[in-house]
Amino acid sequence: MTPEQLSASIVGALTSLVEAGSVVLPDGVPAEVVVERPKVKEHGDYATNIALRLAKAAGMNPRDFAQLLADQLASADGIASAEIAGPGFLNIRVAAGAQGALAAQIVAAGETYGTSDLYSGQKVNLEFVSANPTGPIHIGGVRWAAVGDSLGRILTAIGAEVTREYYFNDHGVQIDRFARSLLADARGEDAPEDGYGGQYISDIVAKVMAAHPDVLSQPEAEALETFRAEGVDLMFAEIKASLHDFGVDFDVYFHENDLHESGAVQRAINRLDELGMMYDKDDARWLRTSDFGDDKDRVVVKSDGEPAYISGDLAYYLNKRERGFDRCIIMLGADHHGYVSRLLAMCAAFGDTPGVNLEPLIGQLVNLVRDGKPLRMSKRAGTVLTLEDLVDAIGVDAARYALARYSTDSTIDLDLDLWASQSSDNPVYYVQYAHARLSSIIRNAVDLGVVIDESTFDPSLLTIDQEGTLLRALAGYPRVVARAAELREPHRVARYLEDTAAAFHKFYDVSHVLPKGDEEPTDLHRARLMLVSATRQVLGNGLALLGVSAPERM
RNA sequence: GCCCCCGUAGCUCAGUUGGAUAGAGCGACCGCCUCCUAAGCGGUAGGUCACAGGUUCAAUUCCUGUCGGGGGCACCA
């Protein structure tokens, strides 16, 4: 009995009541009924407030409505009891056998347990990180690497066809600054006022000069071009490698420069022109973004004839749509939130639906703390904490988990001392430890010759509270995955795993799964082993959605 | 001035179609290993859910305002 099945039973009961004429529902019977797991054990295995919600429309007292529903439900399969409580809640207890059967279903489903087809047939473009190739990925971008990649896995789990994409800003003045910074370093000069500094600059210079020993004797413009082209390539290779080591690989690395060189920018502008969205003023070309909620119109082509930054985004968005993506999700830091309204306006100007075809997600920033004091980063001074620094300090699993377990609406403080301490304070160990314990039980079961399959599994033997709680936690997994996907909130998966790991640890503490000593295996041992197998499957599936390893031993 | 996010236990944070007695980890205190991994479990202590109104049978949740913290408001990218 899963929450979905219970929901269906309640809908069935409502339908019966309506058909019998016992109740009148002007708006019809709802397609599904939300059931929740009560916080208090006395409130049963599941509870629903559907009687409270429908009573007014039915013109009935909520408790009377609930009573009718309870009587109807009492005869339904797998339901042990349904009681009315408070103003009209319905507290439901599930028959032991009906609940335990889920364990075998999970084991049979394996890696597919929790997946669905909610987004099947949808092509989703997920753009994240997209850090400029003027330096290593710093801590701000790492949050998006962890959250974005996890969101990609979660959307895939609900059936979407996901393309992970990295927009590579290799066009514009920041690249010129980068090239000038490299040249200055090669000449032994200080970094330019608006340039970049740090050890990584010197490292790149050394590589470029090794490949082009004569670069400093080239004319200025030529030397600058050599440093630009080589430097960007080296930087980009380094970024890709860091992300790969972090478990994040993109399907497409899109170069902004290509949009300008291929004429895609001009085509996008022409399209908007045809749609009547462009106008000329003060020698510049403007897009009517204020018609679609932006504060003001935006310059697309500057008065000097150069395309403004937004022109690349116009072309890039159009390009994504032409590649067949129904949904283009872009993950941006809070320092870019001011850009959201014009992106949405741009989407609308193309005649698309903002929030559907284009969906910018804003996440708050990550602060670094050391010795209780905030750490100031400066790109110019080179005091940047990079993705690799973070991984060196706390490892990939802890880093990914730590960054993915918080709502992206919250600014997070990352205490370097705490995370570097590798202490067991980190919740990722709690979940991983549960998985390792489960794996250990399964290994021992094999050694003891205890085997379980559907034919020898008696779900009605899983009767104690901790088994029921664990089973209900496992039953909730598909819904958590669906909610995490629809709300774009991977942290829900992490929190769910912590709850489920806790339910398992509590079960482990009170019930011994395997025979002790020379005890003969019983049906109860086998039933619990099935529950253990199902739990390991769910924790493993969930950790995979976060890109965190599920260790067999710790 | 305008826009976005946040304000819940000492700390870090969960809590969505609005529900019952407010949740977890860490920290503090007291317990539990002759038995499958003690990186675990049980218990105690700790709260005006920032504040004030409003909607509702019901508000931490929705609306308005105030205060506090953070981040933004270019013919820069």
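Since the model is a prediction, treat every value here as computed from it, not as a measurement. Scope of the values below: all heavy atoms of this structure, side chains included, with no hydrogens, waters or symmetry mates. A, B, ... follow the sequence lines: proteins, then strands. Residue 1 opens every chain.
- Distance check on atom P: C41(B) versus G27(B) gives 13 Å, rounded to whole Å.
- Taking only side-chain atoms of Q364(A), from C-beta outward, the nucleotide of G70(B), C76(B), A14(B) with the closest atom is G70(B).
- Although no hydrogens or angles enter the test, the distance criterion places no donor-acceptor pair under 3.5 Å between the side chain of S7(A) and the main chain of P3(A).
- Counting any heavy atom pair closer than 4.0 Å across all strands shown, S341(A) reaches no nucleic acid atom.
- In the set U17(B), C41(B), A20(B), the nucleotide with an atom closest to the side chain of F89(A) is A20(B).
- The residue Q466(A) sits apart from the nucleic acid: no heavy atom pair falls under 4.0 Å.
- At the heavy-atom level, H512(A) lies under 4.0 Å from base atoms of the strands shown.
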Exercise for the section: Starting at the 5' end of RNA chain B, write a dot or bracket for each base, bracketing those in Watson-Crick or G-U wobble pairs whose two distances are under 3.5 Å and using | for partners on another strand. Expected result: (((((((..((((.....[...)))).(((((.......))))).....(((((..]....))))))))))))....
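- L448(A) comes within contact range of no nucleotide atom at all, as no heavy-atom separation falls under 4.0 Å.
- As rounded to the nearest Å, U34(B) and C29(B) have P atoms that lie 24 Å from one another.
- Ring pair H255(A)/F236(A) is perpendicular by interplanar angle, where above 60° counts as perpendicular and below 30° as parallel.
- Taking the C1' atom of each, G10(B) and A20(B) are spaced 29 Å apart, rounded to whole Å.
- At the heavy-atom level, R405(A) lies nowhere under 4.0 Å from the strands shown.
- Among the heavy atoms of the strands, none lies under 4.0 Å from A55(A).
- Using a 4.0 Å heavy-atom distance criterion, L514(A) is classed as a base contact.
- At the heavy-atom level, S511(A) lies under 4.0 Å from base atoms of the strands shown.
- Taking atom CG of N444(A) as the reference point, atom C1' of U37(B) lies 9 Å away to the nearest angstrom.
- Here D282(A) lies in heavy-atom contact (under 4.0 Å) with a base.
- Residue-level contact check: N91(A) touches the bases, meaning some heavy atom is under 4.0 Å from a base atom.
- Considering only side-chain atoms of I441(A), the nucleotide from G70(B), G72(B), C36(B) that sits closest is C36(B).
- Which of C5(B), A38(B), A77(B) sits closest to the side chain of D409(A) comes down to C5(B).
- Residue-level contact check: V513(A) touches the bases, meaning some heavy atom is under 4.0 Å from a base atom.
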